[in-house]
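Okay, structure first, notes after.
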Amino acid sequence: MHTMALTKHARQLLVIIAEAALEKSLVRDVKRLGAHGYTVYDVRGEGAMGVREGEWEADRTIEMKVICEAQVADQIAEHVLNTYAPNYAVTMFFAAVDVLRPEKF
């Protein structure tokens with residue numbers, strides 16, 4: 001049996017928490033700005049904009065996770081901040097992550 005060496009590669013995780021109405025636009029934007037993929041979850045929570053329980057369509061919230069090169073994450077975040085944050089509930093944060101198959105990210 002052949003085992004592969006565990007080689008870690010640094011990438012950036014960008015998490016975008018936003019109104020579900022933005023999902024299609026965000027998917028289009030992250031791909032256009034250079035991300036190879038993303039993951040989207042339906043989420044609920046409370047913050048400065050109040051409680052978002054997701055009980056009706058206009059109240060739904062998503063969490064999008066994008067793992068990519070740091071400069072791509074910065075471009076995506078800047079775009080979201082300038083395009084959507086002035087008019088929609090949007091929260092974003094970054095985390096440094098290590099990946100095992102860098103070609104995917």
Side-chain angles (χ1 to χ4, degrees):
M1 181 165 144
H2 180 324
T3 50
M4 295 178 72
L6 189 64
T7 304
K8 298 177 185 178
H9 304 270
R11 293 294 183 271
Q12 192 79 34
L13 167 65
L14 171 61
V15 178
I16 305 167
I17 302 168
E19 297 176 39
L22 295 178
E23 182 175 349
K24 287 181 182 175
S25 296
L26 289 171
V27 166
R28 181 191 66 236
D29 293 343
V30 300
K31 289 168 38 176
R32 178 179 56 81
L33 292 169
H36 297 155
Y38 60 89
T39 302
V40 175
Y41 305 89
D42 287 308
V43 296
R44 289 170 299 286
E46 180 175 355
M49 302 293 281
V51 177
R52 296 187 62 84
E53 296 176 346
E55 293 183 5
W56 54 292
E57 188 63 26
D59 193 42
R60 288 184 47 245
T61 303
I62 60 162
E63 177 179 289
M64 173 181 271
K65 292 184 177 180
V66 182
I67 299 173
C68 54
E69 297 280 353
Q71 72 269 17
V72 173
D74 287 350
Q75 288 175 337
I76 293 168
E78 185 174 16
H79 174 75
V80 171
L81 197 59
N82 292 325
T83 305
Y84 304 113
N87 300 305
Y88 294 91
V90 174
T91 298
M92 291 184 286
F93 61 90
F94 299 91
V97 297
D98 292 326
V99 300
L100 297 177
R101 298 185 290 166
E103 67 279 0
K104 292 183 61 161
F105 306 98

Task: Shared hydrophobic cluster for Val97 and Leu6 (ILVMFWY, side-chain gaps under 4.5 Å) - done: no
- [ ] Determine whether Met92 and Val80 make a side-chain contact, defined as any pair of heavy atoms from C-beta on separated by less than 4.5 Å.
- [x] yes
Open item on the list: Give me the atom names and distance for the closest heavy-atom approach of Gln12 to Ala96.
Closed with: NE2-N, 4.3 Å
Open item on the list: For a 4.5 angstrom cut-off between non-hydrogen side-chain atoms, does Glu69 reach Arg11?
Closed with: yes
Open item on the list: Rounded at 0.5 Å granularity, tell me how far CD1 in Ile17 sits from CG in Leu22.
Closed with: 13.0 Å
Task: From OG1 (Thr83) to OH (Tyr88), nearest 0.5 Å - done: 11.0 Å
Which side-chain N or O atoms in residues 25-43 pair as donor and acceptor under 3.5 Å with protein atoms at least two apart or in another chain?
from  : atom 1 : to    : atom 2 : distance (Å)
Asp29 : OD2    : His79 : NE2    : 3.0
Asp29 : OD2    : Tyr84 : OH     : 2.5
Asp42 : OD1    : Arg60 : NH2    : 2.7

Task: Pairs involving residues 89-98, ordered by first then second residue, that meet salt bridge (charged side-chain N to carboxylate O under 4.0 Å, His left out) (sequence neighbours left out) - done: none
TODO: Identify the heavy atoms of Ala73 and Cys68 that sit nearest to each other, and give their distance.
DONE: N-SG, 3.5 Å
- [ ] Rounded to the nearest 0.5 Å, what's the gap from NZ on Lys8 to CG on Leu100? Could you check?
- [x] 8.0 Å
Open item on the list: I'd like to check Ile16 versus Ile76 (side-chain heavy atoms, cut-off strictly below 4.5 Å). Are they in contact?
Closed with: yes
